[in-house]
Amino acid sequence: AIDRHVGTPVESKTALLWEGDNGATASYSFCEMARLSNQYANFLTSLGVAKGDRVFLFLPRIPVLYAAFLGILKTGAIAGSLFSAFQQQALVDRLENSSAKVLFTTKELSARVAGAKAKLPNLQHIIIVDSPEFLGAIAKQPDTFACVHTKPEDYSFMLYTSGTTGKPKGVVHVHNGILHEYATAKYVLDLRPDDIYWCTADPGWVTGIVYGILSPWMLGVTMLVHAGRFDPDVWYGLLEKYKVTVWYTAPTAIRMLMSKGDAPVKAHNLTALRHLCSVGEPLNPEAIRWGVKVFGLAFHDTWWQTETGAMMMVNFRGMDIKIGSMGVPFPGLEAAIVDDTGNPLPNKTEGNLAFRPGWPSMMAAIWQNEEKYTSYFVNNWPASNASRSDAGWYISGDHAWKDDDGYYWFIGRADDVIKTSGERVGPFEVESALVEHPAVTEAGVIGKPDELRGEIVKAFVVLKPGTKPTEELKAELSEYVKKHLAGHAYPREIEFIDKLPKTRSGKIMRRILKAKEMGLPIGDTSTLEEY
Ligand code: WT7
């Protein structure tokens, strides 16, 4: 992504245009980024980091994050990223499971791990990137480094993601993924040498790594990074100031911009924009129509997942968009709608969105959880001798259907995973955080449909006997999850309930809570304990 440009005319081109949240700016050429990342690689090597070690980043979107990420890959270590809204519990879960050796963070964020060091015996170094010691140490590192050689199947980066049950799982990607990342960035984002590209995703999530670091730089494209929070005026201001040409963002952000009306768009000169793409949650037809009205351009939907490592369902720039559809499979992929045992279903039938395993960016493992990894696949995968046609299917966890023209239409998740503002939240993690509170006996958590955020986290809470079910307590519980688990995963709505619907084996039946919430029929309750 970086060193390939050194010694070519691209080396003096701007790789990173950075804007801080207080108006500070910085810019780095490809050559500067190559040298900086070499310094990070040398620094890590001096700490004893070697191929296969896990090095994690818990940082805001500052230039250090980008240089350190590349430096980690250069040493052959596995780069892990942690979203800056995570609090202690979320951090400990991920650092413990991955047995991370080094963590890069800031003075401010480090407070959230400081109290948990005893639980993390493998974490040998917590590097505070804004400390004078570190700044001194990194400045002294040589700016050349001989990249540690990796094979296509060697691990490159990992990200924790949430499912229905249990703690978050470490999705592990390999260097071979670069092929798929490159091809999709070139042909779907349509990135070209003169573009100024802005991916609004945080590198704590997969989009921010694949399309917010690796692929644009592989293509030698100048990329904008904004360290600040979402703010419509600031965002329009950035699009105008940097003459952004290609913009990759998420439906919640588009809906939030839309809710501010057309006037703020008109107040800016956005004529440089030439291509818009979206990812993370269903892209509503209204959002596409609004984009056409105010930008003169349609948002092009892309569908993929942390596990798929790159875009899978796409809308190319030169293709007719069917508004509301997530598009067609990227060429080379074999997609299908299948039943739970992997039998392909006819067109216009709801089923599991599935792909033939073996695409270059497919996750290679769930960290130290073989059973979970194999549970994603039906039939013969991962059998070492399976040929492509009998390799079974990767089951995405989403329901969809396919029309007669080969376009796919998203229906919803097959599981209880919540998508709030495009971010993936596991109900179990939120339930676990809630029951840590002294007033809570148990909790059931669902995604409640929300016009702006797609879904919000809603918790049904059973209180300890004698506890008063007050509005203050609701606010306190929300705050509690925000402080202990993560700033983005807290319940925006809480309802006190006497008893949770459960199966005879004691599993919380979230689908019943959801049906009740939405006033829908409760459905088959034959496995229900009592309700
Ligand atoms: C889940 C994956 C990798 C991109 C960021 C999300 C939902 C993603 C779309 C879309 C409808 C979408 C799915 C998917 N999703 N893109 N275009 N239309 N739903 O990665 O956090 O791993 O989430 O996001 O439910 O399974 P993620």
Side-chain angles (χ1 to χ4, degrees), residues 81-83 85 157-164 168-173 177 180-181 184-185 188-189 199-215 248-255 276-285 287-288 298-316 321-330 335 352-355 359 361-363 366 376 394-401 407-427 429 447 449 453-455 486 488-489:
S81 66
L82 299 161
F83 186 43
F157 65 89
M158 66 189 291
L159 279 149
Y160 279 80
T161 196
S162 302
T164 302
K169 310 292 188 293
V171 173
V172 188
H173 286 291
H180 195 147
E181 296 165 7
T184 47
V188 184
L189 297 175
C199 168
T200 61
D202 187 277
W205 311 117
V206 72
T207 310
I209 290 178
V210 171
Y211 298 103
I213 305 180
L214 292 172
S215 60
Y248 194 23
T249 192
T252 293
I254 302 168
R255 287 189 294 263
L276 315 178
C277 292
S278 165
V279 67
E281 26 162 359
L283 177 62
N284 348 32
I288 298 183
F299 281 99
H300 287 60
D301 197 10
T302 62
W303 177 99
W304 57 294
Q305 306 175 294
T306 305
E307 292 90 333
T308 69
M311 296 172 186
M312 302 296 276
M313 290 291 168
V314 303
N315 285 278
F316 290 104
I321 292 179
K322 290 201 192 189
I323 286 191
S325 148
M326 53 193 182
V328 300
F330 188 75
N352 300 298
L353 175 61
F355 297 90
W359 66 91
S361 64
M362 186 178 89
M363 63 167 172
I366 295 289
Y376 279 91
Y394 162 81
I395 305 288
S396 68
D398 282 1
H399 277 183
W401 60 280
Y407 284 68
Y408 284 74
W409 300 73
F410 177 81
I411 295 175
R413 294 280 314 182
D415 56 20
D416 295 334
V417 167
I418 300 163
K419 266 280 159 152
T420 177
S421 301
E423 283 153 5
R424 191 157 150 183
V425 172
E429 282 174 86
R453 294 170 199 277
E455 288 185 320
H488 69 290

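Every number for a ligand or one of its atoms is a count from 1 in the order of the listing. For clarity, every value in this text was computed on a predicted model and none was experimentally measured. Sequence positions, counted from 1, serve as the residue numbers for this chain.
- Here the side chain of R424 pairs a donor or acceptor atom with the backbone of S162 at under 3.5 angstrom.
- The side-chain heavy atoms of D398 and W303, taken from C-beta on, include a pair separated by under 4.5 Å.
- Contacts of K419 classified as salt bridge (charged side-chain N to carboxylate O under 4.0 Å, His left out), with partners at least two apart in sequence or in another chain: none.
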Evaluation steps, side chain to side chain donor-acceptor pair (under 3.5 Å), between T252 and E281: CA-CA 8 Å; T252 293; E281 26 162 359; 2.6 Å; yes
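- Residues satisfying the ring-ring contact (aromatic ring centres under 6.0 Å, His included) criterion with Y160, sequence neighbours excluded, are absent altogether.
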Expected rows: ligand 1 N/O, protein N/O, dist below 3.5 Å:
unit_1   : atom_1 : unit_2 : atom_2 : d
ligand 1 : 15 (N) : G280   : O      : 3.3
ligand 1 : 16 (N) : G280   : N      : 3.2
ligand 1 : 17 (N) : D301   : OD1    : 2.8
ligand 1 : 17 (N) : D301   : OD2    : 3.3
ligand 1 : 17 (N) : T302   : O      : 2.8
ligand 1 : 18 (N) : E281   : O      : 3.4
ligand 1 : 21 (O) : K419   : NZ     : 3.3
ligand 1 : 22 (O) : T306   : N      : 2.8
ligand 1 : 22 (O) : T306   : OG1    : 2.5
ligand 1 : 22 (O) : R424   : NH1    : 2.6
ligand 1 : 23 (O) : K419   : NZ     : 2.9
ligand 1 : 24 (O) : G280   : O      : 3.4
ligand 1 : 24 (O) : K419   : NZ     : 2.9
ligand 1 : 25 (O) : D398   : OD1    : 3.0
ligand 1 : 25 (O) : D398   : OD2    : 3.1
ligand 1 : 26 (O) : Q305   : NE2    : 2.9
ligand 1 : 26 (O) : D398   : OD1    : 3.0
ligand 1 : 26 (O) : D398   : OD2    : 3.0
ligand 1 : 26 (O) : R413   : NH1    : 2.7

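- Evaluation of the ring-ring contact (aromatic ring centres under 6.0 Å, His included) rule for W409 yields W401 as partners, not counting sequence neighbours.
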